[in-house]
Amino acid sequence: MGYIGLPTAVFLATNGYRVVGVDINQSLVDQINRGECYPEPGLEELLQRALAGGSLRASVQVEKADVFIVAVPTPKLADGQADLSFVRAAGESIASVLEKGNLVVLESTSPPRTTEEVLRPVLQERSGLRAGTDFYLAHCPEKVLPGQIVQEMQHNDRIVGGIDSRSTGLAVRLYRSFCKAELIETDATTAEMAKLIENTYRMVNIALANELAKVSEYLGINVWEAIALANRHPRVNLHQPGPGVGGHCIPVDPWFIVGVAPALTPLIRTAGELNRSMVDHVVARTIELLPHTQGAPRVAAFGLAYKPDTDDMRASSAELIVEELRRRGVEVRAVDPMVSNTATVPVDEAVRGADLVLLLVNHSAFASLDPDAIRSQMRRPVLYDTRNCLQRSAWEAAGFFVQVLGHGEVQHVVDAAKLAAVASDS
Ligand code: SAJ
């Protein structure tokens with residue numbers, strides 16, 4: 001009943017199915033039965049509708065059913081291999097209640113051949129039934145974007161890959177109940193690979209943008225402008241640079257391809273390392289922009305989530321940057337309007353006496369920050385915008401020295417002189 005299982009259950013329950021949402025976490029199960037869920041636009045209303053209609057309930061117990069959908073985590077282990085223990089555990093509990101004619105669908109993002117070589121044997125051994133003759137098995141990878149799950153779950157095309165055509169056909173019928181887009185049929189391993197390719201494409205593309213950001217800093221040009229110009233070409237779609245790639249998908253899934261064929265995947269490996277290097281790049285530049293004469297320098301970090309307008313902090317590069325700065329003796333106070341935990345403070349508290357505003361996540365709420373009000377509380381008005389999301393001219397008009405990731409000043413010397421001038425003014 002996580003990020004994918006819950007909305008999938010809710011959509012099935014509001015489209016003609018009776019659904020039991022299973023999770024090993026009792027408090028999550030209780031929360032769902034009370035009609036509460038993680039923040040995702042439109043999801044809570046749908047959940048409450050499903051509960052009110054009596055077609056959905058959550059439980060810690062796997063029960064007999066016609067269809068089983070597995071949407072468990074598949075985290076990356078240190079060596080880049082996938083941890084498939086949750087897939088195995090889910091398979092074992094399904095096998096204990098599996099009956100002839102049932103359909104099992106794996107939605108979790110998985111390394112190629114997981115459906116065929118990991119889930120299939122677990123289901124068969126425990127149940128004594130045979131896939132393809134006694135029960136049916138398919139992979140149908142989820143591909144919704146956190147923040148747009150309700151819309152995308154209904155309108156994204158889906159790949160449905162069965163271990164045979166009967167399995168594919170049954171899975172297509174299931175998803176047709178709520179998916180208004182195309183359901184494209186293939187085999188299970190191609191479906192697994194297609195899902196991994198989507199996130200690998202994005203990861204390599206972001207790495208290219210990050211490499212170009214470093215080159216543009218070296219050349220003294222603005223990478224954001226250069227990318228926008230290049231993207232005017234009808235067949236070019238470069239992504240955006242930034243302080244690194246976080247979340248539970250893009251920095252993880254491509255490694256499952258590397259894991260099955262390490263010698264054949266130097267490009268994916270390099271792209272992953274390049275994205276990771278952006279954390280060090282931002283830390284180094286932040287340290288350069290800080291004063292080194294008046295005790296511990298102070299930074300107000302804006303954003304801790306892994307991407308804009310979410311409270312999700314999984315593998316957030318903003319968090320890594322904040323930790324690394326603290327390790328290096330910088331006093332960091334973090335603001336994040338989406339994340340309400342002890343790691344964050346209100347804007348006023350973060351900027352009071354600060355030497356630098358470090359913008360790490362482009363939450364929409366940050367567009368209304370008032371540079372004049374912030375400047376009046378800071379010790380030294382310097383802004384480092386790693387997302388190119390704040391209006392540079394407004395912050396400069398308020399007296400800030402502004403540095404934007406990927407935007408080099410031609411003369412590094414002039415740059416240093418400007419910074420020194422701002423520092424001595426304040
Ligand atoms: N990022 C950049 N530059 C960009 C775009 C993103 O630096 O141009 C960074 C973000 O700041 C964030 C990270 O990449 O730290 C990942 O964000 P994201 O929006 O690219 O992706 P996710 O992880 O939220 O969701 C992705 C989506 N995959 C694709 O768009 C191909 C989503 O559709 C998948 O369902 C999801 O992975 C998943 O579960 O696999």
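Below, each value reflects all heavy atoms present in this structure, side chains not excepted, and no hydrogens, waters or symmetry copies. The first residue of the sequence shown is numbered 1, and numbering continues consecutively from there.
- Rounding to the nearest 0.5 Å places CG of Leu84 at 11.5 Å from CD of Glu117.
- The number of heavy-atom neighbours closer than 6.0 Å to CZ of Arg176, taken from other residues, nucleotides and ligands shown, is above 12.
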For this session: Take Leu12 and Ile69 through the test side chain to side chain contact (heavy atoms under 4.5 Å, CB included) and record every step on the way to the result.
Result: CA-CA 11 Å; Leu12 286 167; Ile69 297 179; 3.6 Å; yes

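- The residues Arg276 and Glu273 are annotated as not salt-bridged, no charged nitrogen and carboxylate oxygen being separated by less than 4.0 angstrom.
- With Arg333 contributing its side chain and Glu349 its backbone, the two residues share a donor-acceptor pair below 3.5 Å.
- Remark: the backbone N or O of Val332 is paired with a side-chain donor or acceptor of Arg326 at under 3.5 angstrom.
- With hydrogens and angles ignored, the 3.5 Å screen pairs no side-chain donor or acceptor of Gln403 with any backbone N or O of Tyr384.
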For this session: Would you please test Asp309 and Ser364 for side chain to side chain donor-acceptor pair (under 3.5 Å) and show each step?
Result: CA-CA 7 Å; Asp309 300 330; Ser364 323; 2.5 Å; yes

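- Judged by distance alone, the side chain of Gln124 and the main-chain N or O of Arg130 form no donor-acceptor pair under 3.5 Å.
- Nearest heavy atoms, Ala90 versus Val72: CB-CG1, 4.2 Å.
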For this session: Walk me through it: do Val361 and Tyr306 pass the test side chain to side chain contact (heavy atoms under 4.5 Å, CB included)?
Result: CA-CA 7 Å; Val361 184; Tyr306 88 86; over 6 Å; no

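- Contact between Ser85 and Asp83 at its shortest, heavy atoms only, is OG-OD1, 2.6 Å.
- Heavy-atom neighbours of Arg173 CZ from other residues, nucleotides or ligands within 6.0 Å: at or below the threshold of 12.
- Between the side chain of Asn362 and the backbone N or O of Arg387, no donor-acceptor pair lies under 3.5 Å.
- By the 6.0 Å contact criterion, CZ on Arg314 is enclosed, its count of non-hydrogen atoms from other residues, nucleotides or ligands being greater than 12.
- Between the side chains of Glu116 and Thr189, no donor-acceptor pair is found at a separation under 3.5 Å.
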For this session: Verify side chain to side chain contact (heavy atoms under 4.5 Å, CB included) between Phe302 and Val347, making sure each step is shown before the conclusion.
Result: CA-CA 9 Å; Phe302 280 65; Val347 173; 4.1 Å; yes

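- A donor-acceptor pair under 3.5 Å is formed between the side chain of Asn102 and the backbone N or O of Ala65.
- Within the model, atoms CG of Leu28 and CE of Met1 stand 8.0 Å from one another, a figure rounded to the nearest 0.5 Å.
- The main-chain N or O of Gly246 is never found under 3.5 Å from a side-chain atom of Ser316 such that the two would form a donor-acceptor pair.
- The shortest side-chain heavy-atom distance between Arg202 and Glu198 does not fall under the 4.5 Å cut-off.
- Atom CG in Asp134 sits 12.0 Å away from atom CG in Leu123 (nearest 0.5 Å).
- Using a 4.0 Å cut-off between a side-chain N of Lys or Arg and a carboxylate O of Asp or Glu, Glu324 and Arg328 qualify as a salt bridge.
- No donor-acceptor pair closer than 3.5 Å links the side chain of Asn275 to the backbone N or O of Val245.
- Taking 4.5 Å as the limit, every side-chain heavy atom of Ile206 sits out of range of all side-chain heavy atoms of Gln240.
- The line from CD1 of Ile184 to CG of Asp157 is 4.5 Å long, rounded to the nearest 0.5 Å.
- Residues Asp164 and Ser167 bring a donor and an acceptor atom of their side chains to less than 3.5 Å of each other.
- Using a 4.0 Å cut-off between charged nitrogen and carboxylate oxygen, Lys64 and Glu99 count as a salt-bridge pair.
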Problem set entry | Residue pair Cys389, Leu359: steps toward the side chain to side chain contact (heavy atoms under 4.5 Å, CB included) verdict | CA-CA 9 Å; Cys389 68; Leu359 191 295; 3.3 Å; yes

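- By the 30° and 60° cut-offs, the orientation of the rings of Tyr38 relative to Tyr3 is tilted.
- Judged by distance alone, the side chain of Gln154 and the main-chain N or O of Cys179 form no donor-acceptor pair under 3.5 Å.
- Side-chain contact check for Asn205 versus Leu238: some heavy-atom pair is nearer than 4.5 Å.
- Within 6.0 Å of the CZ atom in Arg34, the count of heavy atoms belonging to other residues, nucleotides or ligands exceeds 12.
- Here the side chains of Pro337 and Phe366 are in contact, with some heavy-atom distance below 4.5 Å.
- Separating the CD1 atom in Ile268 from the CH2 atom in Trp255 is a distance of 9.0 Å, to the nearest 0.5 Å.
- Ala300 and Ala350 make their closest contact through CB-O, 3.4 Å (heavy atoms, listed as atom of the first residue, atom of the second, distance).
- The shortest distance between side-chain heavy atoms of Leu405 and Met278 falls below 4.5 Å.
- In this structure, Pro241 and Lys214 have side chains that are not in contact, with every pair of non-hydrogen atoms separated by 4.5 Å or more.
- Closest approach of Ile163 and Gly132 over heavy atoms only: CD1-N, 3.9 Å.
- Residues Thr168 and Gly161 come closest through the heavy atom pair OG1-C, 4.2 Å.
- When atom types are taken as modelled, the side chain of Lys195 and the backbone of Glu142 share a donor-acceptor pair closer than 3.5 angstrom.
- Arg392 CZ: more than 12 foreign heavy atoms inside a 6.0 Å radius.
- Proximity of Leu98 to Arg126: side-chain heavy atoms (C-beta onward) are nowhere separated by under 4.5 Å.
- For the pair Val330/Leu356, no side-chain contact is recorded, criterion being any heavy-atom separation below 4.5 Å from C-beta on.
- Other residues, nucleotides and ligands contribute only 12 or fewer heavy atoms inside 6.0 Å of the CG atom of Asp66.
- Between Ile94 and Val104, the closest heavy-atom pair is CG2-CG2, 4.2 Å.
- More than 12 heavy atoms of other residues, nucleotides or ligands shown are found within 6.0 angstrom of CG on Leu145.
- Between the CD atom in Glu192 and the CG atom in Asp253 there is a gap of 12.0 Å [rounded to 0.5 Å].
- A side chain to side chain contact (heavy atoms under 4.5 Å, CB included) with Phe68 is found for one member of Val20, Val105, Val97, Leu106 and no other, namely Val97.
- Under the salt bridge (Lys or Arg N to Asp or Glu O under 4.0 Å) test applied with Arg158, the options Glu185, Glu182, Glu107 reduce to a single match, Glu107.
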